[in-house]
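First comes the structure, then the notes that go with it.
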Amino acid sequence: MFAELLQYLFAGLTSGAIYALAGLGFAIIYNASHVINFAQGEFIMIGGMATSMMVAAGLPLPLAIALAVVVTMMVGVALEKFAIEPARNSDVVTIIIITIGASIFLRGLAQVVWDKEFHSLPAFSGETPINVAGATLMPQSIWVVGISVLVIVALWWFFNRTLFGKAMLATSFNRLAAQLMGIGVKKVLMVSFALSALLGAVGGIVVTPITFTNYEAGIMLGLKGFSAAVLGGLGNGLGAIVGGLVVGIAEALASGYLSSAYKDAVAFVIILFVLFFLPNGLFGKKGTDRV
Amino acid sequence: MWKTARIGGLAALATILALAPLGFPNAYFYDVAVKALFNAVVCVGLNLLIGYAGQISLGHAGFFALGAYGSAILTSTYKVAPLPAMLISAAAVGLLAYLVGRPILKLKGHYLAMATLGIGIIIHIVLKTEARITGGPDGMSVDPFSLMGFTMMGDRMWYWAAAGLLVLTVWLSLNLIDSPVGRALRAVHGSEVGAEVVGVDTSSYKVMVFVVSAVFASLVGSLFAHKDGFITPDIGSFFRSVEFVVMVVLGGMASTFGSVIGAVILTLLPQVLTFVEDYEAMVLGGIMMGMMIFLPKGLLPAVVSQFRKRGAAR
Amino acid sequence: MRSLVKWGVAACAVFAAGTFAGTAQAADTIKIGAFLSVTGPASFLGEPEKKTLEMYVDRLNKDGGVRGKKVELIHYDDAGAPDKAVTFAKRLIQNDNVDIIIGGTTTGTSMAAIKVVEPAGVPFISLAGGIDIIDPVKKWVFKTPHTDRMAAEKVFLDMKKKGISKVAMISEDAGFGKSGHDQSLKVAPIYGIQIVADEVYSPKDPDVTAQLTKIKNTAGVQAVFNFGFGQGPAIVTKNFKQLGMSVPLYQSHGVASKDFIKLAGEAAEGIRLPAAGLVVAEQLGATDPQKPVVTAFKKEYEAAFKSDVSTFAGHAYDGLQIALAAILRAGSTDKEKVRAEIEKTSGYVGTGGLVSMSPEDHMGLSLSAFRMVEVKKGDWVLAD
């Protein structure tokens with residue numbers, strides 16, 4: 001009985017950590033620009049695909065990872081420079097459509113540059129399941145969770161302990177005031193895209209041994225990541241993590257105890273329910289409307 | 001001035017719709033045109049919500065699919081005639097939109113986007129899972145549309161029906177925008193708090209527009225089901241919802257004719273782009289990005305302002 | 001404004017040029033139309049199908065065509081969306097005036113296109129698995145792949161031989177898996193199989209251990225049967241191993257490509273599934289009539305595309321061969337004659353098996369076309 005519950009929780013933890021990593025990327029860009037980047041899932045896809053294609057071509061894993069991260073960050077910066085920056089003063093909806101266009105473009109690019117098949121990576125530390133009180137967990141799941149924790153700590157340090165991080169945070173609170181204080185808002189925007197591309201790439205790489213990847217892998221991860229970020233409260237990194245875990249664990253418990261056909265629906269019902277009572281998500285700031 | 005522009009626009013739309021078939025050599029062209037017009041009707045409705053009331057919805061394909069399945073199930077399983085089946089489905093969708101609209105339209109911006117997205121996805125999952133009623137992911141057949149012994153057959157007939165429907169929808173939408181309701185809506189878009197202060201019951205207006213746009217989507221969904229004769233749950237997928245929003249924004253938010261143009265362009269593009277084959281997604285994404293970067297207000301408003309500038313210079 | 005008008009005119013011209021291009025061809029070509037899911041969730045089926053058709057039509061033209069006529073292939077990507085399939089089917093028939101249509105990668109797109117193809121009276125060979133496509137028989141509609149019902153029957157037959165009677169099903173809740181699941185439930189009683197657990201997952205789920213745990217804790221499960229394609233079955237296989245489940249795991253014909261073994265890795269060892277002879281080409285007996293056909297196709301495909309052949313590519317190959325043979329026998333591209341000749345296809349040895357159609361059977365494959373294979377040391381091994 002307990003082993004069963006524990007197994008469901010492990011399953012939820014694995015998917016939840018994946019969603020959380022995806023959600024974090026949304027949170028960072030939202031913080032700096034109040035833009036929801038619907039191409040975030042494509043960053044994840046590019047990270048995973050680039051690494052597995054390079055490994056297949058014979059590169060050692062660490063080098064492939066490093067190169068893939070750099071490639072993804074370049075894509076992120078290019079997206080900001082050539083698509084977001086010129087439209088900086090447009091409506092939020094306009095910018096959303098630009099990022100949707102970018103996600104379609106990047107998927108199209110990936111299927112031309114690479115292919116349409118599924119690819120995998122070897123698990124970082126073997127495939128021997130770890131047995132805990134009758135339930136099993138794959139070592140790669142621990143990697144995913146561990147990397148998520150590491151990322152959160154690093155982000156906290158960056159935003160609270162470095163000058164540039166503080167500048168980014170200041171920009172998210174009040175762009176004009178930040179600008180008047182001499183903060184380069186353009187630079188902040190660019191760094192936020194580079195950072196979330198980095199996050200996406202890292203996420204894509206650690207989850208590929210579990211979920212595999214192909215040129216369309218970013219769609220689902222992007223959708224779940226967006227859900228996690230909104231559930232947690234937009235712009236709140238911790239919220240995105242909690243949101244991701246809630247979605248993942250709700251899905252696992254729902255398929256274990258209710259119906260696997262309706263597990264995704266259960267996750268969305270929970271999100272709707274939370275938003276009815278907490279219209280700014282679990283940890284969101286309460287916004288005040290200006291007249 | 002506003003009135004004449006409106007009548008002029010409607011007359012132009014009707015003329016274009018009447019003359020367009022002269023350039024259609026075969027039924028395939030009619031088929032694409034009908035699909036463009038169907039999308040246009042949905043977008044005109046959705047534009048009331050997005051463009052005028054300033055509320056986003058990423059779940060309208062769900063309402064479209066409910067209309068389609070409502071008609072399909074009522075006509076095939078329960079032997080209801082197509083017209084009442086369509087109206088019953090639309091009423092049910094309207095009621096559903098009202099029930100979910102009341103709580104979720106209190107949400108703002110991305111939270112509203114999330115909530116509508118969730119509703120769309122839940123509808124999609126239900127349609128996919130309840131296979132005994134809906135036929136499951138592989139879809140179900142739908143009988144042709146018939147009314148008092150007269151059956152809608154062939155793409156030409158559908159074209160004229162869809163064209164008539166679009167003119168009617170545009171006319172309704174223009175009237176709604178120009179009514180006190182429309183002015184209240186624009187106030188909601190401008191500043192919700194401000195509108196409330198001057199006595200506009202913002203939430204009930206928002207819910208009303210939400211319901212109207214959902215009913216439009218449902219009606220078109222029903223017609224689409226009868227026209228294609230076969231539907232799968234994917235017509236209610238998240239991508240279709242996004243597609244509708246993109247059509248509205250691309251054509252020009254808060255512009256009824258802009259929505260029509262956006263819908264037509266986005267329906268035609270995949271047909272035109274077949275020759276680029278593997279590069280289709282890249283080109284499509286590139287066009288979307290480019291248009292939004294260079295024409296952030298949408299296609300029609302950009303054209304209109306160009307026109308005005310020229311006029312002023314003269 | 002003027003420049004915008006110019007752009008508009010140019011766009012219309014491109015549209016017209018793009019769509020009229022098909023009609024301007026000379027009448028002495030044989031036109032084969034295809035709508036395939038080259039992108040979208042079924043892209044790894046549609047892509048090899050497209051590549052196969054292109055390669056063989058090219059080769060045919062280099063060898064002088066069919067009865068001196070060039071063969072022209074016109075293909076569109078429906079992205080797995082049935083309403084797009086309907087539009088493209090209309091385009092092929094009305095605008096491109098094709099003589100025959102091959103395609104419909106998925107059951108959904110095929111079923112939707114039938115609504116257009118049947119009244120228009122164009123021979124149509126579908127490449128999808130669903131039994132609904134040819135049952136009940138439709139005058140103009142044929143298909144080349146085995147049905148999902150046959151796959152289920154083959155698996156249950158194998159289980160019965162091993163004395164297994166209580167089976168847990170786990171299937172994908174999208175088209176292929178769902179349809180296979182429904183057919184499995186239908187035929188299970190015929191083989192004395194009882195389905196004691198029935199779970200589903202979404203095609204893109206990262207983890208299915210929750211569903212498998214439920215199965216693991218169901219009393220009396222003697223085997224697990226997974227119906228799905230894409231990465232799902234590989235994740236099921238890995239999670240199955242992770243949970244240390246010891247009962248036999250059966251997969252459907254949807255995973256019969258080398259990619260599955262690559263993805264699932266060691267966890268794939270010992271898995272059994274029904275597959276066409278194509279995946280075990282080299283192991284077929286020397287007297288097997290399928291041997292020369294499948295070994296040749298496999299060699300040609302893998303040489304041309306540097307990737308492992310899949311049975312889906314084989315479906316397209318079979319479809320094309322059956323179509324061309326029928327056109328040859330008919331002596332013209334008259335649609336009624338070609339249709340009648342396709343229906344008379346008899347003893348054609350394809351990658352899927354021996355095909356003999358009749359007015360009552362528009363697929364023409366028997367259960368023997370499936371072979372039970374098992375994964376051993378990272379490769380398919382013939383198991384019966």
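The model shown is predicted, which means the values in this text are computed figures rather than measured ones. Heavy-atom basis, side chains included; hydrogens, waters and symmetry copies ignored. Reminder, nothing fancy here: chain letters follow the sequence lines and each chain counts from 1.
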Tell me, for I210(A) versus chain C, whether the close heavy atoms (under 4.5 Å) come from the side chain, the backbone, both or neither.
both
Minimum heavy-atom distance K214(C)-L258(A), with the two atoms named
NZ-O, 3.7 Å
Scored by heavy-atom pairs under 4.5 Å with chain A, the best of G232(C), S43(C), G265(C) is S43(C)
I need the L243(C) CG to F10(A) CZ distance, nearest 0.5 Å.
11.5 Å
Considering all heavy atoms of both residues, which atom of P206(C) and which atom of M220(A) are nearest to each other, and what is their separation?
CD-CE, 4.1 Å
Closer than 3.5 angstrom, by distance alone: can the side chain of S260(A) be matched with the main-chain N or O of Y201(C) as a donor-acceptor pair?
no
Could you measure the distance from the NZ atom of K241(C) to the CE atom of M138(A)? Nearest 0.5 Å is fine.
7.5 Å
Heavy-atom distances under 4.5 Å only: say whether E199(C) touches chain A with side chain, backbone, both or neither.
both
Contact class of A3(A) relative to chain C, heavy atoms under 4.5 angstrom:
neither
Hey, is the main chain of E216(A) close enough, under 3.5 Å, to the side chain of K204(C) for a donor-acceptor pair?
yes
Heavy-atom closest contact (A210(C) atom, A252(A) atom, distance)
CB-O, 3.6 Å
When only pairs under 4.5 Å are counted, which of G46(C), G40(C), P203(C), S257(C) shares the most heavy-atom pairs with chain A?
G40(C)
Quick one: pull up CG in D259(C) and CG in N214(A) and give me the separation to the nearest 0.5 Å.
11.0 Å
Pick from F212(A), Y8(A), Y257(A), Y19(A): which one has the most heavy-atom pairs with chain C under 4.5 Å?
F212(A)
Counting only non-hydrogen atoms closer than 4.5 Å, does V208(C) touch chain A with its backbone (N, CA, C, O), its side chain (CB onward), both, or neither?
neither
May I ask you to check whether over 12 heavy atoms, not counting those of E266(C), lie within 6.0 Å of atom CD?
no
Distance from Q231(C) atom CD to S120(A) atom OG, nearest 0.5 Å?
11.0 Å
Answer yes or no: does atom NZ of K166(C) have more than 12 heavy-atom neighbours from other residues, nucleotides or ligands under 6.0 Å?
no
Count the heavy atoms of every other residue, nucleotide or ligand shown that sit under 6.0 Å from CZ of F273(A), and state whether that count exceeds 12.
no
Here the gap from E127(A) atom CD to K238(C) atom NZ, rounded to the nearest 0.5 Å, amounts to 4.0 Å
Closest non-hydrogen atom pair, K116(A) against F44(C)
O-CB, 4.1 Å
Can you check side-chain contact (heavy atoms from CB on, under 4.5 Å) on Q211(C) and K263(A), steps first, answer last?
CA-CA 11 Å; Q211(C) 288 92 321; K263(A) 69 177 171 39; 3.8 Å; yes
Which region of S15(A), side chain (C-beta onward) or backbone (N, CA, C, O), has a non-hydrogen atom less than 4.5 Å from a non-hydrogen atom of chain C, or is it both or neither?
both
Does any backbone or side-chain atom of P122(A) lie under 4.5 Å from a heavy atom of chain C? Answer side chain, backbone, both or neither.
neither
Measure the spacing between CG of L263(C) and CZ of F118(A) and express it to the nearest 0.5 Å.
8.0 Å
Quick one: does Q242(C)'s side chain have a donor or acceptor within less than 3.5 Å of a partner on T136(A)'s backbone?
yes
Do you know which two heavy atoms are closest between T39(C) and Y215(A), and how far apart they sit?
CA-OH, 3.4 Å
Contact origin within N131(A) toward chain C - heavy atom pairs under 4.5 Å:
neither
Toward chain A, the part of A234(C) with a non-hydrogen atom under 4.5 Å
both
